[in-house]
Amino acid sequence: MAWFEYRNGVLYAESVSLVRIAEEIGTPVYCYSNAALKANYKEFADAFGHRNILIAYSVKANANQAVITTFSDCGAGADVVSEGELQRALAAGIPGSRIVFSGVGKTQKELKAGLAAQVHQFNLESKAQLESLSEIAANQNVKARVAFRVNPDVDAKTHDKIATGRKADKFGVPIVEARGLYDLAGSLPGIEVVGVDLHIGSQLTDLEPFKDAFSRLAELVNALRRDGHDIRQIDLGGGLGVRYRDEEPPTALSYAGLVDKIFGGFGCQLIFEPGRALVANAGILLSQVIEIKHLSERRFVIIDAAMNDFLRPALYDAWHPIDPVCEAPVDAKREIVDIVGPVCESGDILGRGRAMSFLAPGDLVAIGAAGAYGAVMASNYNTRPLAAEVMVHGGEIAIVCPRLQLDELIGRDRLPQWLGKPTNPFDEHGAT
Ligand code: PLP
């Protein structure tokens, strides 16, 4: 079932026309399909049947409360990497007992927040993190449940900036040093060793790197058990890829088959941290054409969404489908254009060299598969207010994050007293 499809030549999100969303909410606006989120979750969960698993949705992929709550209602836990994400997950009704706390650099404040929430598992990434956590927990007379995120030195064969399991990456502890760290962990007063963890990267389109990494992790679990550690939770991270263009990522079922083959006999709870696979195709970014600019060599379609709204094309050279909301006739003439935003950066290109039917100012376009690593990575660069976010459910539209207004944005700044001016003319309440 396509959650975004043309009906009578107009692109719909579930039963809501994107033209209506643009009219009622304005552009740029992220639009998520509630049905798509639930279907993606179900597909992942069904692939594992009734096995003892925890699907800890990776909040970083899309942190909107409506998205997290949708997954929470499906029974999901959460994978968080900051105190902010932890608070988001708790606020969405996910109890600490279903939260894993990942993150390469956790502050003392964050470790304390994780302890206060009694998270299911801290995924530790260094000896220093281990020692800090033990000290904080011991002072409170509690024990923190921990796993080490190990770096198996496996190339995920994905974009360089989202590969995380190679020796040179900053993440995890080298798998060859893990046994020593587990022994240390086992001797510390504030620590209870419960599991192992890895996450080798994102947007994996092949099972092979998973297989390599998981096999190394399985060997480690055996060694740790021989060393006397009670390993009962195995966290396999996220990373399952999605189709943006013509990729053929593994299905959830084939991924589950691999996991079963390697870890089926361990009698452990298996934890997964999927992000992209649950949200990418459940969202689009709706934008309006501002202007068409023909220069000698190229044709630019300037739209009102930009790299500050959607960073993936500029940051990762990511390719996303871009389609007109009002479908052109099949025999309509097409031209090759660059679809760009108005931000003052040459890299502000959302789609380069696209064959598009003629677009005119005021036309709407939808950037597809924008539900993951979209709104969460947005910024106010060029003092552009963050885009609004909406969720549709059948024929209903709900604003799940209103557009930030300019006065709110500028009103956050404060003028130092020595400038001798009102604290901030945009802040009607004055400085606080
Ligand atoms: N877990 C960790 C520790 C991550 O860093 C990430 C993302 O990079 C994820 C899970 C989610 O990955 P994905 O969105 O590829 O499933």
Side-chain angles (χ1 to χ4, degrees), residues 37 40-41 43-45 47 53-63 67-68 71 76-82 85-86 89 99-106 110 114 119-126 129 146-152 154 156-166 169-173 195-207 209-210 213-214 217 233-244 247 249-252 255-256 259 270-283 311-312 315-316 318 369-377:
L37 295 171
N40 289 342
Y41 184 86
E43 185 185 347
F44 196 91
I53 63 163
L54 170 66
I55 300 175
Y57 165 59
S58 194
V59 169
K60 69 173 72 65
N62 186 321
V67 172
I68 308 172
F71 290 135
D79 159 51
V80 301
V81 293
S82 67
E85 286 191 356
L86 174 64
I99 296 176
V100 295
F101 200 154
S102 306
V104 70
K106 301 179 191 73
E110 287 176 319
V119 296
H120 187 55
Q121 175 173 304
F122 284 91
N123 289 331
L124 300 179
E125 302 216 17
S126 68
Q129 242 180 53
V146 308
F148 276 99
R149 173 175 176 176
V150 295
N151 180 326
V154 166
K157 304 230 160 40
T158 183
H159 189 281
D160 180 55
K161 288 183 181 158
I162 49 175
T164 58
R166 302 162 300 188
D169 296 320
K170 69 179 175 182
F171 299 98
V173 299
V196 292
D197 168 52
L198 57 63
H199 170 77
I200 59 168
S202 196
Q203 182 58 5
L204 273 74
T205 52
D206 188 350
L207 281 182
F210 282 126
F214 292 173
L217 191 67
Q233 295 168 192
I234 299 178
D235 184 338
L236 297 176
L240 198 56
V242 299
R243 173 179 288 213
Y244 289 107
E247 303 90 336
T251 61
Y255 173 76
V259 169
L270 296 176
I271 302 173
F272 302 97
E273 303 170 357
R276 189 187 307 270
L278 299 189
V279 290
N281 70 3
L311 189 56
R312 284 183 35 76
L315 187 60
Y316 308 125
Y373 306 105
V376 278
M377 294 177 95

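In this text the structure is predicted, and so the values were computed from the model without any measurement. Counting convention: from 1, in listed order, for ligands and their atoms alike. Counting begins at 1 with the first residue of the sequence.
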Using distance alone, decide if ligand 1 has a nitrogen or oxygen within less than 3.5 Å of any nitrogen or oxygen in [X].
| X | value |
| --- | --- |
| Ala277 | no |
| Pro274 | no |
| Ser102 | no |

Give the minimum heavy-atom separation between [X] and [Y], together with the two atoms involved.
| X | Y | value |
| --- | --- | --- |
| Tyr255 | Gly237 | OH-O, 4.2 Å |
| Ala78 | Ala89 | CB-CB, 3.7 Å |
| Leu240 | Ala277 | O-CB, 3.8 Å |
| Gly172 | Glu125 | N-OE1, 2.7 Å |

- Mind checking whether Tyr57 and Phe71 have parallel, tilted or perpendicular rings, split at 30° and 60°? tilted
- Answer yes or no for Ala61: is there a heavy-atom contact with ligand 1 below 4.0 Å? no
- Determine whether any heavy atom of Tyr373 lies closer than 4.0 Å to an atom of ligand 1. yes
- Mind checking what makes side chain to side chain contact (heavy atoms under 4.5 Å, CB included) contact with Glu247, not counting sequence neighbours? Gln203, Thr205, Arg243, Tyr244, Arg245, Pro249
Using a 4.0 Å cut-off to any heavy atom of [X], which atoms of ligand 1 qualify?
| X | value |
| --- | --- |
| Gly238 | 10 (C), 16 (O) |
| Asp79 | 1 (N), 2 (C), 10 (C) |
| Gly275 | 13 (P), 14 (O), 16 (O) |
| Arg276 | 13 (P), 14 (O), 16 (O) |

- Say whether, by atom type as modelled, one donor and one acceptor occur between the side chain of His120 and the main chain of Ile99 under 3.5 angstrom. no
- Item | Minimum non-hydrogen distance to atom 1 (N) of ligand 1, winning option of Glu273, Arg149, Glu125 | Glu273
- Validation row: Leu217, Pro152 side chains within 4.5 angstrom (heavy atoms): no
- Task: Find out whether Val67 and Val279 are in side-chain contact, i.e. whether some heavy atom of one side chain is under 4.5 Å from a heavy atom of the other.
- Result: yes
Among protein heavy atoms, which lies nearest [atom], and at what distance?
| atom | result |
| --- | --- |
| atom 8 (O) of ligand 1 | His199 NE2, 3.3 Å |
| atom 4 (C) of ligand 1 | Lys60 NZ, 3.1 Å |
| atom 15 (O) of ligand 1 | Ser202 OG, 2.3 Å |

- Query: Which one holds for Thr164 and ligand 1: side chain close, backbone close, both close, or neither close, with close meaning a heavy atom under 4.0 Å?
  - Reply: neither
